[in-house]
Asker: 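Quick one: the structure is below, questions incoming.
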There are 2 protein chains.
Amino acid sequence: MKKVKESSTNQLNKRSIELQCPVTFTLSIIGGRWKPLLLWHLQDGKKRYSELKKVLPQISEKMLIQQLRELESDGLVNRMAKEVVPPYVEYSLSAKGKDMHQLLKAMAQWGIKYRE
Amino acid sequence: MKKVKESSTNQLNKRSIELQCPVTFTLSIIGGRWKPLLLWHLQDGKKRYSELKKVLPQISEKMLIQQLRELESDGLVNRMAKEVVPPYVEYSLSAKGKDMHQLLKAMAQWGIKYRE
DNA sequence: ACAAGTACCTACCAAAAAGTAAGTACAAAT
DNA sequence: ATTTGTACTTACTTTTTGGTAGGTACTTGT
């Protein structure tokens, strides 16, 4: 995982605000360039790594793996390695991740309404 | 406003994804450390700059002003300068910003539920 | 041998977000 | 004069996020 300076004001503020504000906590888990897209694409069922790569042609492999690992670490996504030939890895939403469905929809709706 | 390199892959990807994904578009407007908190605090009515500074003791003036300016620029917040003595500035949610209430609540609920 | 498929890892760099410090302007009070 | 209140601006630095390039390992097919 990426190196984080735990003693920085930046990090201390982040931790503190996440405790105070549940909105910020939620955003710290689903925010960033690629996580919302990944969560959105996993809403309609499990997907293989190669499938995710296809639906997101602009993401680098490095970012794809990193974001999936973080989502897994935060408990939103389950990772299942299949020992077949060729071997592949399957990602699916956990219960926690599925519980985010309404939220993602609300975000999409607001975005669609106010996008210009 | 802050200098952004419009020709960077980073920026090109950002723009492209924001067009494709309404969730990412929404998050680009309300994301970051301080905007969710500002939006949250403005839910219950207009606030002066000095009031916002008080309820968010950890925010630097630079970040406070910058984030408010961005929220204003994106149309979520109205800024009203009062020419009294002492003069003060009042920030309030626009209709667009008020329309975000349910969304913020959903985010808060998810965060409260899964915070540990 | 190479190419294609599977799914990564590592080192380094670029860009963006956030933070620090110093300053501005005005008015009123001491 | 300084201090306190109002609300900023600017220059620079630090930290974090995202990108680039090279590599790993295995199997199968040509």
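Throughout, a chain's letter reflects where its sequence line sits, starting with A, and its residues are numbered from 1. Because only heavy atoms are used, hydrogens play no part in the values below, and waters and symmetry mates are left out as well, while side chains stay in.
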Asker: Are R33(A) and dA15(C) close enough that a side-chain N or O sits under 4.0 Å from OP1 or OP2?
Answerer: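 Checking R33(A) against dA15(C): no side-chain N or O falls below 4.0 Å of OP1 or OP2.
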Asker: Please figure out whether S8(A) or Q58(A) has its closest DNA chain D nucleotide nearer the 5' end.
Answerer: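 Result: S8(A).
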Asker: Distance check needed: dA7(C) C1' versus L52(A) CG, whole Å only.
Answerer: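 In whole Å, dA7(C) C1' and L52(A) CG are 12 Å from each other.
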Asker: Does a side-chain N or O of R69(B) approach OP1 or OP2 of dC8(D) to a distance below 4.0 Å, or not?
Answerer: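 Looking at the OP1 and OP2 atoms of dC8(D), one of them is under 4.0 Å from a side-chain N or O of R69(B).
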Asker: Taking OP1 and OP2 of dT16(D), is either one under 4.0 Å from a side-chain nitrogen or oxygen of Q11(A)?
Answerer: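 For dT16(D), OP1/OP2 do have a side-chain N/O of Q11(A) under 4.0 Å.
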Asker: Respond yes when some side-chain nitrogen or oxygen of R48(B) is under 4.0 Å from OP1 or OP2 of dG5(D), and no when none is.
Answerer: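 No, outside the criterion.
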Asker: So does E90(A) pair up with K47(A), basic N to acidic O under 4.0 Å?
Answerer: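 Here E90(A) does not pair with K47(A) in a salt bridge, since their nearest N and O are not under 4.0 Å apart.
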Asker: Over how many whole Å does the gap from N10(B) atom CG to dG18(D) atom P extend?
Answerer: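 Checked: the CG to P distance equals 8 Å.
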Asker: Using whole Å, report how far NZ of K5(A) lies from C1' of dT15(D).
Answerer: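 So the two atoms are 9 Å apart, to the nearest Å.
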Asker: As a test of reading the structure: which of dA7(C), dA7(D), dG19(C) is closest to the side chain of S50(A), going by heavy atoms?
Answerer: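 For the S50(A) side chain, the nearest candidate turns out to be dA7(C).
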Asker: Any salt bridge linking E18(A) with R15(A)? Criterion: basic side-chain nitrogen under 4.0 Å from a carboxylate oxygen.
Answerer: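 Between R15(A) and E18(A) there is a salt bridge, with a charged N closer than 4.0 Å to a carboxylate O.
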Asker: Expressed in angstrom and rounded to an integer, what is the separation of W34(B) atom CH2 from dA18(C) atom P?
Answerer: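 Distance, rounded to whole Å: 9 Å.
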Asker: Nearest of dC8(C), dC8(D), dT6(D) to any side-chain atom of P86(B)?
Answerer: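 Closest nucleotide among those given: dT6(D).
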Asker: Starting at atom CD of E6(A), determine the distance to atom C1' of dT15(D), rounded to an integer number of angstrom.
Answerer: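 These atoms are roughly 12 Å apart.
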Asker: Is the closest basic N to carboxylate O distance between E61(B) and K53(B) below 4.0 Å?
Answerer: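 Salt bridge: yes.
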Asker: Summarise how protein sits on nucleotides 20-30 of chain D as a single string, 5' to 3': B when a protein heavy atom is under 4.0 Å from the base, S for sugar-phosphate-only contact, - for no contact.
Answerer: B------SS--
Asker: Give a yes or no on whether the backbone of P22(A) and the side-chain of T26(A) come within a donor-acceptor separation of less than 3.5 Å.
Answerer: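 Indeed, once roles are kept as given, a pair shorter than 3.5 Å links the two residues.
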